[in-house]
Amino acid sequence: MDEVLNNVLFDAFADASDSVYIYVTDIKTGHTRWSQNAVDFFDIPKESFEDTPSVWPKKIHPDDIDTYIKDISSVYEGKTNHHNCQYRAKNKFGKYVWIQCNGTMMYDENGEKSVFAGMMTRLDKQSKYDEVTGLPTKNEFYSADISGFNGTIMLLGIDKFKRVINDFGYRYSEELLAKIVKKLCNMLKSEQKVYYFLNDKFIIILPNYSKKQTFELFDNIKSMAKYVETIDGNIIDFSVSASAIELIDNTLDNDSIIDRLDMTLTYVKSNDRGNIRFYSETIEGKQLRLETVKKELNESINNNFEGFELFYQPWINARGKEILGCEALLRWKGKTIKDSNPMEFIPILEENGKIIEVGRWVMETAMKQQSEWKKKYGNFKVSFNVSYRQFLEKGYVENLLETSKKYGVENGDMVLELTESCKVDTPERLAEIFTEIRKNGFKIALDDFGTGYASMEMLKKLPADNIKIEHSFVREIALDGHTVDLAIIKSIINLCNMLKCRVIVEGVENKEVDDIIRGLEPDYLQGYYYSRPICKPEFEKMLEDNCR
């Protein structure tokens with residue numbers, strides 16, 4: 001073992017490059033030795049240990065693991081002597097980098113497998129200059145010595161550049177990118193340097209720059225990017241966002257700087273697009289939380305929706321006090337994230353497409369619950385939220401009908417609420433789906449009426465059974481100066497009466513509002529005055545009390 005692992009040639013190759021990582025395995029003992037730069041960059045537990053198969057595969061990207069296992073298995077099974085594979089592996093910053101992994105199996109004089117040795121080369125460090133812009137690439141930035149640097153480093157991103165690619169094509173977009181870079185470089189001083197980072201992002205080194213100077217430069221870049229003339233004489237208006245980090249006698253390595261800048265730019269593009277923000281621990285904390293929420297949401301979904309729960313908020317009879325139904329509202333808790341609210345996790349589900357899977361779970365859970373409650377409390381309506389994207393899902397109506405049949409639900413007791421989550425781009429198609437759903441007895445509600453998509457135009461185009469008046473018109477109606485809100489609510493109720501739509505008024509939070517709204521004679525009332533959204537056991541207790 002010592003002969004294999006403690007070898008002078010291993011030490012020589014291990015120190016040859018900071019982007020090439022060496023490994024060697026003594027097949028007979030199972031011990032593997034990794035070069036120290038591999039241990040550091042990939043956060044491997046230690047330089048030498050036995051159980052590599054339980055450690056290294058966990059660092060490989062899930063989409064690449066099958067490729068890796070197939071290739072490495074062919075070597076260990078004796079089908080070939082050489083391992084030759086490209087895949088992504090997670091580094092110490094939690095990011096995946098592309099590597100080229102090559103290895104050779106060697107045999108002893110008896111024909112037994114003896115030593116497996118090889119190297120991994122980072123593919124992201126091979127190219128020095130970008131072909132389109134002519135700028136040095138991020139690989140050159142990685143190898144630049146900025147220890148002791150004073151000043152700021154900026155990561156500049158062109159907003160929604162993918163849309164330009166979609167509209168004009170890659171070649172046209174590359175010419176535009178080259179023009180922007182030329183303008184950018186003409187703005188900078190000789191000691192300031194620009195690197196091409198990735199796609200539509202650029203690293204800008206600003207020696208001895210203060211935060212104030214960095215903000216001023218960004219404003220100039222914004223003005224420059226507003227008007228870029230295309231090859232056919234048209235003008236395209238770009239917007240840019242940026243992150244920056246202020247360094248004094250810098251001690252951070254280049255990877256750490258990029259990690260902070262990229263994380264901050266992601267935050268800016270999501271929360272403050274078109275502006276620049278400096279890295280801070282507060283922003284880092286928010287981004288780390290976001291990544292944790294994303295990770296734990298996926299874990300919950302993959303683990304049979306563990307952590308998801310429906311809360312219920314009652315619909316009160318506007319002409320009495322009894323509970324006539326409720327709205328089912330999605331709640332979620334992860335393993336470590338216990339305080340996430342729908343405003344945080346639902347946009348994530350919509351962005352990654354998981355809202356479709358979760359929406360099916362909500363549908364099934366709400367129907368199952370309605371079926372149970374109807375047996376105990378008689379006719380009882382349950383509504384659940386459905387996003388525009390879910391309605392357009394292929395086979396949605398068929399799935400709705402199958403689920404209803406599965407639980408023996410009376411379709412007329414289920415209300416599907418179109419949420420404000422997405423802009424309705426194709427109301428005609430949605431109207432067809434609504435018509436089909438209503439033909440099968442289900443009820444449709446337009447949520448948050450009076451805001452966003454829920455306008456008179458949408459009411460004209462989309463067939464609906466219920467209208468939910470948005471709480472912003474309601475909650476302060478008892479205060480002076482809100483006569484316009486009162487007039488709006490009156491007109492909506494009158495309009496719905498003419499259209500034979502039921503009206504649900506949200507946001508009833510005190511007795512004064514309750515008295516005023518009841519005088520307008522809607523159908524249902526909903527709000528904190530009656531109850532906040534509560535868990536199933538608490539809601540059932542409320543139902544029991546309501547029956548007495």
(message) As a quick check of understanding, evaluate side-chain contact (heavy atoms from CB on, under 4.5 Å) for E506 and V474, giving each step before the final call.
(response) CA-CA 7 Å; E506 299 180 296; V474 178; 6.0 Å; no
(message) Salt bridge check, E284 against R260: does any charged N sit closer than 4.0 Å to a carboxylate O?
(response) no
(message) Run I153 and N250 through side-chain contact (heavy atoms from CB on, under 4.5 Å) and show every step you take.
(response) CA-CA 11 Å; I153 298 178; N250 176 48; over 6 Å; no
(message) Which heavy atom of S241 sits nearest to which heavy atom of V268, and what is that distance?
(response) CB-CG1, 3.9 Å
(request) Can you measure from CD1 (I204) to CG (L155) and round to the nearest 0.5 angstrom? (result) 8.5 Å
(message) Tell me the closest heavy-atom pair linking P62 and Y96, and the distance in Å.
(response) CD-OH, 3.7 Å
(request) Check the side chains of E191 and N208 for a donor-acceptor pair under 3.5 angstrom, ignoring hydrogens and angles. (result) no
(request) Examine distances only and state if a side-chain atom of S239 and a backbone atom of G274 form a donor-acceptor pair shorter than 3.5 Å. (result) no
(request) Using modelled atom types only, decide if a donor and an acceptor are shared between the side chain of R273 and the backbone of K269 within a distance under 3.5 Å. (result) yes
(message) Can you confirm whether more than 12 heavy atoms, excluding those of K394, are under 6.0 Å from its NZ atom?
(response) no
(message) What I want to check is whether the side chains of S223 and N220 have a donor and an acceptor closer together than 3.5 Å.
(response) no
(message) Can you see whether S383 engages E327 through a side-chain donor-acceptor pair at a distance of less than 3.5 angstrom?
(response) no
(message) Please evaluate residues E417 and K468 with respect to the criterion salt bridge (Lys or Arg N to Asp or Glu O under 4.0 Å), reporting the C-alpha separation (whole Å), side-chain torsions for both, the decisive distance (0.1 Å), and the verdict.
(response) CA-CA 9 Å; E417 295 191 21; K468 297 192 76 175; 3.1 Å; yes
(request) Please round to the nearest 0.5 Å and tell me the distance separating atom CD1 of I99 and atom OG1 of T121. (result) 8.5 Å
(request) Apply side-chain contact (heavy atoms from CB on, under 4.5 Å) to S280 and I283, showing your working. (result) CA-CA 5 Å; S280 70; I283 289 177; 3.4 Å; yes
(request) Answer with yes or no whether the side chains of D272 and N275 bring together a donor and an acceptor at under 3.5 Å. (result) yes
(request) Using atom types as modelled and distance alone, determine if a side-chain donor or acceptor of N303 lies under 3.5 Å from a backbone N or O of E306. (result) no
(message) Between Q192 and K189 (side chain of the first, backbone of the second, donor and acceptor by atom type, cut-off under 3.5 Å), is there such a pair?
(response) yes
(message) Working to the nearest 0.5 angstrom, can you tell me the gap between C185 SG and I180 CD1?
(response) 12.0 Å
(request) Enter the distance from F238:CZ to K222:NZ here, rounded to the nearest 0.5 Å. (result) 16.0 Å
(message) Any heavy-atom pair between the side chains of E470 and I489 that's under 4.5 Å?
(response) no
(request) With sequence neighbours excluded, give me every salt bridge (charged side-chain N to carboxylate O under 4.0 Å, His left out) pair touching residues 200-211. (result) K201-D262
(request) Specify the closest pair of heavy atoms between W56 and M120, including all atoms of both residues, with the distance to one decimal. (result) CZ2-SD, 3.5 Å
(request) State whether E309 and K536 are salt-bridged, where the test is any N-O pair (Lys NZ or Arg NE/NH1/NH2 against Asp/Glu carboxylate O) under 4.0 Å. (result) no
(request) Kindly say whether N84 contributes a backbone atom to a donor-acceptor pair with the side chain of D71 at under 3.5 angstrom? (result) yes
(request) Flag the pair L310 / R331 as yes when at least one side-chain heavy-atom distance between them is below 4.5 Å, and no otherwise. (result) no
(message) Please check: side-chain N/O of S243 versus main-chain N/O of T264, any donor-acceptor pairing under 3.5 Å?
(response) no
(request) Salt-bridge test for D40 and K92: reply yes if a basic N is under 4.0 Å from a carboxylate O, no otherwise. (result) no
(message) Any heavy-atom pair between the side chains of I203 and I258 that's under 4.5 Å?
(response) yes
(message) With a 4.0 Å cut-off on N to O distance, would you call E393 and R360 a salt bridge?
(response) yes
(message) Minimum heavy-atom separation for P463 and T435, please, with both atom names.
(response) CG-OG1, 3.7 Å
(request) Report the distance from atom CG of D255 to atom OH of Y142, rounding to the nearest 0.5 Å. (result) 5.0 Å
(request) Compute the centroid of each ring, for Y209 and then for F215, and state whether the two points are separated by less than 6.0 Å. (result) no
(request) Quick one: sort the F308 and F345 rings into parallel, tilted or perpendicular, breaks at 30° and 60°. (result) perpendicular
(message) Is there a side-chain contact (heavy atoms from CB on, under 4.5 Å) between Q313 and I534? Walk through the geometry before answering.
(response) CA-CA 6 Å; Q313 189 173 25; I534 52 179; over 6 Å; no
(message) Within the 4.5 Å heavy-atom criterion, are C101 and Y87 side-chain neighbours or not?
(response) yes
(message) Looking at K183 and K179, would you say the former's side chain and the latter's main chain have a donor-acceptor pair under 3.5 Å?
(response) no
(request) Side-chain contact test, heavy atoms from C-beta onward, threshold under 4.5 Å: evaluate it for N385 versus I346 and give yes or no. (result) no
(request) Answer whether the closest heavy-atom distance between the side chains of L297 and L349 falls below 4.5 Å. (result) yes
(message) Are F434 and F391, when compared by the centres of their aromatic rings, separated by less than 6.0 Å?
(response) yes
(request) Before accepting this row, confirm whether a basic side-chain N of the pair E509/R475 lies closer than 4.0 Å to the acidic partner's carboxylate O. (result) no
(request) Report yes if some heavy atom in the side chain of V293 is under 4.5 Å from a heavy atom in the side chain of W332; otherwise report no. (result) yes
(request) Determine yes or no for a side-chain-to-main-chain donor-acceptor pair under 3.5 angstrom, with N302 supplying the side chain and N298 the backbone. (result) yes
(request) Locate the shortest heavy-atom distance separating D249 from N150; write the atom from each residue and the value. (result) N-OD1, 2.8 Å
(request) Taking Q213 for its side chain and S210 for its backbone only, find out whether a donor-acceptor pair lies under 3.5 Å. (result) yes
(message) Quick check: closest heavy atoms across L446 and A464, and the distance to 0.1 Å?
(response) CG-CB, 3.9 Å
(request) Measure the shortest side-chain to side-chain distance between K286 and R289 over non-hydrogen atoms and say whether it is less than 4.5 angstrom. (result) no
(message) Taking side-chain hydrogen bond (donor to acceptor under 3.5 Å, both in side chains) as the cut-off, I'd like each qualifying pair that reaches into residues 57-69, sequence neighbours left out, listed once.
(response) D64-R88
(request) Determine yes or no for a side-chain-to-main-chain donor-acceptor pair under 3.5 angstrom, with S143 supplying the side chain and E140 the backbone. (result) yes
(request) Examine the side chains of S387 and Q390 and answer whether a donor and an acceptor come within less than 3.5 Å of each other. (result) yes
(request) Please check if the distance between the ring centroids of Y195 and F202 is under 6.0 Å. (result) no
(message) Counting only heavy atoms not in E299 (residues, nucleotides, ligands), do more than 12 fall under 6.0 Å from its CD?
(response) yes
(message) For a ring-ring contact (aromatic ring centres under 6.0 Å, His included) check, start with the C-alpha distance between F42 and W34, then their side-chain angles and the critical distance, and finish with the verdict.
(response) CA-CA 11 Å; F42 292 108; W34 300 78; 7.8 Å; no
(message) Once rounded to the nearest 0.5 Å, what's the spacing between atom CD1 of I504 and atom CG of N466?
(response) 4.5 Å
(message) If the threshold is 4.0 Å, N to carboxylate O, is there a salt bridge linking K212 and E216?
(response) yes
